[in-house]
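Notes follow the structure.
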Amino acid sequence: MNLTRTAEILYDSILTLAYPQVCVICRHSVEQSRLGVACETCWRETRILTDEERICLKCGLPDQERCGRCEELAFTAARAAGIYEGALRESVLLLKRQPYVPRHVESLLTDVVRREPLSRSTRVVPAPLHPKRLKTRGFNQASVIGQTVSKALRLPLDEVSLVRVSTTEKYRTGMDTKGRRDTVAGAFRVAHPRLIAGENILLVDDVFTTGATTSACAEVLIAAGAENVFVLTVARAR
Ligand SMILES: [Zn+2]
Ligand SMILES: [Zn+2]
């Protein structure tokens, strides 16, 4: 991250902390800074996936125990704090602009990791951002989430083992048209297999949509000897 960018981010964060926040959804004021960008009412209207929810035991899709759509996905299990809507959606969008996880989001995430099966995690690995995008954005939002969770739960954070290989490198290995369309397959590589072998990896990302990205990550982590790959995201698609 360059210095100007660091200063910009710092300045934004100070502004957010110093001035009362207006809810980005309903424009009412946010009662507590721990709620981040949305007010209490908007948080209440956002669906949080508590342990009372019936979810697909593998991919975490709500309202069914076996969704039948996730068998092919390489991870052991995926869980999200809630549905990608309302306050959670806005929190995810904020995280793309500022490297900051509000306390409320942090506690939702740690609640998820304290529950089975994610409670078995031994090492936090953020999903790597494409190097080009990392350069323009200045930070990886998955790393910010990973840092937060690792600190709160005292789990080691590993930002070096899983890397995203550049698109050019991927094309050089000779992929057909179909392969190129599938942009994530073959996009990840484990740089330090010795750090991954035998571990229960907590793979962290911002949003779970189809599971293609996290599955591509899980595939190489398991090939490198990971015992299990648990996926944690702030939100997931319905
Ligand atoms: Zn609101
Ligand atoms: Zn499923």
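Whatever order the structure lists ligands and atoms in, that order sets their numbers, starting from 1.
Legend: residues meeting side chain to side chain contact (heavy atoms under 4.5 Å, CB included) with Thr210, ordered by chain and number and at least two apart, are Ala212. For Phe230, there are no ring-ring contact (aromatic ring centres under 6.0 Å, His included) partners, not counting sequence neighbours.
In this structure, Arg89 does not pair ionically with Asp206, as no charged nitrogen and carboxylate oxygen lie closer than 4.0 Å. Ionic pairing of Glu227 and Arg120 is not present here: no N-O contact between side-chain nitrogen and carboxylate oxygen is shorter than 4.0 angstrom. A salt bridge is defined here as a Lys NZ or Arg NE, NH1 or NH2 lying under 4.0 Å from an Asp or Glu carboxylate O, and Glu53 with Arg47 meets this definition.
Side-chain heavy atoms closer than 4.5 Å link hydrophobic residues (I, L, V, M, F, W, Y) into clusters, and following such links, possibly through other members, connects Val113 to Leu88.
Atom CZ of Arg103 is surrounded by 12 or fewer heavy atoms from other residues, nucleotides or ligands within 6.0 Å. For Glu116, the CD atom is densely surrounded, since the number of other residues' heavy atoms within 6.0 Å is greater than 12.
Sorted by chain and number, the protein atoms of type N, O or S within less than 2.8 Å of the Zn ion (ligand 2) are Cys56 SG, Cys59 SG, Cys67 SG, Cys70 SG.
Annotation: cation-pi geometry satisfied between Lys58 and Phe75 (NZ/CZ under 6.0 angstrom from ring centroid, within 45° of ring axis).
Here 4 is the count of protein N, O or S atoms positioned under 2.8 Å from the Zn ion (ligand 1), waters not counted.
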